[in-house]
Amino acid sequence: SNQLLAEYISNTRETTRKEEKYSLIYDENATLLEMDEYKDGAHLSHIEYLYENNIMQAILEKNMQTKRIKITKIKYSFY
């Protein structure tokens, strides 16, 4: 079975103990679907990755404090 990174925690400053945490969710094909970002326990953002035919088409990012959602559409050119 594949070992995928499910969570990453970083203490950015030893003196202030600022903790950043990233929680990741994949599908059965090991494709990244969602990521949640936390700082010092506060939920900062929720990100979803949208695919069509296994190619990323868009990224939806919700700021959990302001509740704003940013949509990034991705276009590709194949040669």
Side-chain angles (χ1 to χ4, degrees):
S1 80
N2 290 340
Q3 294 280 331
L4 300 174
L5 181 67
E7 193 173 85
Y8 170 75
I9 298 174
S10 169
N11 287 310
T12 56
R13 292 189 144 167
E14 205 166 299
T15 55
T16 57
R17 300 306 250 167
K18 295 285 185 192
E19 182 180 273
E20 293 179 5
K21 175 181 162 185
Y22 301 89
S23 179
L24 309 164
I25 297 174
Y26 303 87
D27 68 7
E28 63 278 357
N29 298 314
T31 303
L32 181 62
L33 298 178
E34 299 179 21
M35 181 175 77
D36 286 288
E37 179 185 4
Y38 301 85
K39 190 164 196 170
D40 295 331
H43 193 185
L44 294 183
S45 66
H46 174 76
I47 301 168
E48 293 185 22
Y49 303 92
L50 304 180
Y51 301 86
E52 188 175 300
N53 300 321
N54 296 319
I55 298 172
M56 188 181 294
Q57 299 295 316
I59 302 170
L60 308 177
E61 182 174 357
K62 181 177 184 180
N63 181 312
M64 300 309 286
Q65 273 72 47
T66 65
K67 305 299 185 203
R68 286 191 168 180
I69 297 174
K70 177 175 136 184
I71 301 171
T72 304
K73 290 184 178 181
I74 301 170
K75 290 189 175 187
Y76 299 91
S77 295
F78 295 101
Y79 299 95

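Counting from 1, the numbers follow the sequence of the chain as shown.
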Let me check something: do [X] and [Y] share a hydrophobic cluster, defined by ILVMFWY side-chain heavy atoms less than 4.5 Å apart, either directly or through other members?
| X | Y | answer |
| --- | --- | --- |
| Y49 | Y8 | yes |
| I47 | Y38 | no |
| I59 | M35 | yes |
| L33 | M64 | no |

Exceeds 12 heavy-atom contacts within 6.0 angstrom, atom OH of Y26: yes
K39 side chain near E19 side chain, heavy-atom distance below 4.5 Å: no
Measure the CD-NE2 distance between E61 and H46 for me, rounded to the nearest 0.5 Å. 10.5 Å
Measure the CZ-NZ distance between R68 and K70 for me, rounded to the nearest 0.5 Å. 12.5 Å
In chain order, what residues pass the side-chain hydrogen bond (donor to acceptor under 3.5 Å, both in side chains) check against H43, with sequence neighbours excluded? D36
Partner residues of T72 under the side-chain hydrogen bond (donor to acceptor under 3.5 Å, both in side chains) criterion, sequence neighbours left out: none
Short side-chain to backbone donor-acceptor contact, D27 and N29, under 3.5 Å: yes
So, the side chain of Y51 versus the backbone of L32: is there a donor-acceptor pair under 3.5 Å, distance only? yes
Residues that, via side-chain heavy atoms closer than 4.5 angstrom, fall in one hydrophobic cluster with I71: L50, L60, I69
Exercise: do E37 and S45 side chains pair donor with acceptor under 3.5 Å: yes
Minimum heavy-atom separation for Y76 to Q57, with atom names? CE1-NE2, 4.4 Å
